[in-house]
> 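Here's a structure for you.
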Amino acid sequence: MDHDDIMSEARSPSTRGNQAYDTLRSRLLSGDIEPNTRLTEADLTQMLNVSRGTIRSVLARLVQEGYVTSEVNRGVRTRAFSVAEAADILEAREVLEAALAGKAAERATEEEIRELRSILDGMREAQRQGDQAAYSRGNRSFHQRIKDASHQETLARAHDALLYPLVMRQYRNLSANHPRKGSLEEHEAILASVITRNPEAASAAMRHHVTSARQALLLEYTSESRTGGHHPVNEA
């Protein structure tokens with residue numbers, strides 16, 4: 001780090017620390033860094049162009065939030081989930097997203113409903129063209145917009161704390177066909193319930209949709225226990 005960087009960090013340590021945290025957290029969520037990878041202060045200092053003191057603060061925050069682990073003689077490592085831990089997180093996601101969908105049915109604005117329609121149109125076209133990457137992007141956007149449209153910040157914060165993206169990064173089966181059969185129709189049922197302002201139906205439709213990921217993981221766990229192998233799952 002050169003003199004200008006040191007002076008800049010001295011003037012605004014909080015800003016530099018937040019930027020370093022956001023950057024590293026994004027890389028963890030994106031899958032750029034494999035599970036159970038050791039993170040050294042030297043490498044992170046170079047990667048993020050901040051001081052070791054800032055890196056220590058960032059890592060302490062990420063440990064507290066569950067993105068990485070810190071163990072004696074093993075150092076700080078990216079989080080790796082057992083199948084049982086992953087199943088628990090997926091079960092919690094099922095409950096929270098169902099609640100968020102119910103609130104979206106009550107509170108979504110007309111503009112938010114138009115956005116959801118547009119996203120679903122894009123997913124429908126992506127499926128028609130066999131564009132799995134575009135469908136996945138649409139799927140993530142759809143779930144994010146449902147959460148936004150719920151206008152329920154407490155539920156949204158609980159959902160964001162689940163580390164679900166880390167679980168799917170570790171376990172998703174990239175070789176499996178995507179979208180899975182019935183996925184588009186499940187999204188359509190969720191949106192129809194939001195449009196008709198039916199919170200009970202929206203919750204039930206979302207719960208049915210996201211249950212598939214947890215059930216798939218539990219099926220893979222059964223297979224793993226029989227064979228001793230590892231079988232990642234597909235995205236819901």
Side-chain angles (χ1 to χ4, degrees), residues 29-31 86-87 89-153 155-160 162-220 232-236:
L29 290 173
S30 71
I89 289 171
L90 292 173
E91 185 177 37
R93 180 204 177 208
E94 174 186 317
V95 173
L96 289 170
E97 289 216 29
L100 289 165
K103 289 300 179 184
E106 294 176 0
R107 301 176 177 178
T109 66
E110 291 304 315
E111 176 60 28
E112 287 167 336
I113 289 174
R114 283 193 292 271
E115 290 177 3
L116 286 164
R117 286 184 187 271
S118 177
I119 292 169
L120 194 55
D121 286 343
M123 292 171 65
R124 194 176 292 110
E125 180 62 17
Q127 179 173 281
R128 189 185 67 79
Q129 295 185 1
D131 190 337
Q132 296 185 28
Y135 189 93
S136 290
R137 288 193 298 272
N139 178 64
R140 290 190 293 271
S141 293
F142 185 91
H143 285 266
Q144 178 64 44
R145 292 296 179 271
I146 287 288
K147 183 177 69 174
D148 294 342
S150 74
H151 300 282
Q152 224 294 356
E153 293 184 4
L155 282 173
R157 283 196 300 270
H159 176 273
D160 291 344
L162 283 178
L163 305 181
Y164 166 75
L166 294 182
V167 171
M168 294 311 296
R169 179 202 66 185
Q170 180 177 343
Y171 283 98
R172 183 182 175 192
N173 186 354
L174 297 175
S175 66
N177 289 331
H178 186 69
R180 61 177 177 78
K181 185 177 181 181
S183 172
L184 183 64
E185 291 76 13
E186 290 163 12
H187 286 89
E188 290 172 339
I190 294 165
L191 180 55
S193 300
V194 171
I195 291 171
T196 57
R197 305 294 183 181
N198 188 330
E200 290 79 13
S203 291
M206 180 63 84
R207 187 155 193 160
H208 171 70
H209 173 60
V210 299
T211 294
S212 60
R214 181 169 63 90
Q215 290 177 333
L217 181 55
L218 292 175
L219 287 172
E220 294 295 350
V233 301
N234 204 346
E235 184 179 32

> So which atom in Ala202 and which in Ala105 form the shortest heavy-atom distance, rounded to 0.1 Å?
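Heavy atoms of Ala202 and Ala105 come nearest at CB-CB, 3.9 Å.
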
> Measure the spacing between OG of Ser136 and CG of Asp131 and express it to the nearest 0.5 Å.
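Between atom OG of Ser136 and atom CG of Asp131 there are 9.0 Å.
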
> Distance check, rounded to the nearest 0.5 Å: Arg124 atom CZ versus Arg128 atom CZ?
11.5 Å

> Considering residues, nucleotides and ligands other than Arg117, do more than 12 of their heavy atoms fall under 6.0 Å from its CZ?
no

> Looking only at side-chain N and O atoms, does His151 offer a donor or acceptor that is under 3.5 Å from a partner on Glu112?
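Yes, a side-chain donor-acceptor pair sits under 3.5 Å.
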
> With sequence neighbours excluded, tell me which residues meet side chain to side chain contact (heavy atoms under 4.5 Å, CB included) with Gln144.
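Testing Gln144 for side chain to side chain contact (heavy atoms under 4.5 Å, CB included), a comparison that skips the adjacent residues, returns Lys147, Asp148.
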
> Would the distance check show the side chain of Ser203 and the main-chain N or O of Ala98 forming a donor-acceptor pair, the cut-off being under 3.5 Å?
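Yes, Ser203 side chain to Ala98 backbone: donor-acceptor pair under 3.5 Å.
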
> Nearest 0.5 Å please: distance from the CG atom of Leu100 over to the CZ atom of Arg107.
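That separation rounds to 10.0 Å.
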
> Distance from Ser118 atom OG to Met123 atom CE, nearest 0.5 Å?
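Output value for this atom pair is 12.0 Å.
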
> Once rounded to the nearest 0.5 Å, what's the spacing between atom OG1 of Thr211 and atom CZ of Arg93?
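If we round to the nearest 0.5 Å, Thr211:OG1 and Arg93:CZ are 9.5 Å apart.
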
> Walk me through it: do His143 and His187 pass the test ring-ring contact (aromatic ring centres under 6.0 Å, His included)?
CA-CA 9 Å; His143 285 266; His187 286 89; 5.5 Å; yes

> Start with the C-alpha distance between Leu184 and Leu120, add both sets of side-chain angles, then the distance that settles side chain to side chain contact (heavy atoms under 4.5 Å, CB included), and finish with yes or no.
CA-CA 8 Å; Leu184 183 64; Leu120 194 55; 3.8 Å; yes

> So Ser183 and His209, side chain to side chain contact (heavy atoms under 4.5 Å, CB included) or not? Walk me through it.
CA-CA 7 Å; Ser183 172; His209 173 60; 4.1 Å; yes

> If every non-hydrogen atom of Ala101 is compared with every non-hydrogen atom of Ile146, which pair is closest and at what distance?
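Heavy atoms of Ala101 and Ile146 come nearest at CA-CG2, 3.8 Å.
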
> Of all heavy-atom pairs between Ile119 and Arg145, which one has the smallest distance, and what is that distance?
CD1-CG, 3.4 Å

> Of the non-hydrogen atoms in Arg197 and Ala104, which two are nearest, and what is the gap between them?
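Looking at all heavy atoms of both residues, the closest pair is NH1-O, 3.9 Å.
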
> In Å and rounded to the nearest 0.5 Å, what is the CD1 to CG distance from Ile89 to Leu96?
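With rounding to 0.5 Å, CD1 (Ile89) is 12.0 Å from CG (Leu96).
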
> Which heavy-atom pair separates Pro199 from Gly102 by the least distance, and what is that distance?
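Taking Pro199 first and Gly102 second, the nearest heavy atoms are CB-O, 3.3 Å.
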
> Of the non-hydrogen atoms in Ala134 and Ala126, which two are nearest, and what is the gap between them?
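Minimum heavy-atom separation between Ala134 and Ala126: CB-CB, 3.8 Å.
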
> Are the charged groups of Asp160 and Arg157 less than 4.0 angstrom apart, N to O?
no

> How would you list, by chain and number, every residue that makes a side chain to side chain contact (heavy atoms under 4.5 Å, CB included) with Gln129, sequence neighbours excluded?
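Side chain to side chain contact (heavy atoms under 4.5 Å, CB included) list for Gln129, sorted by chain: Glu125.
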
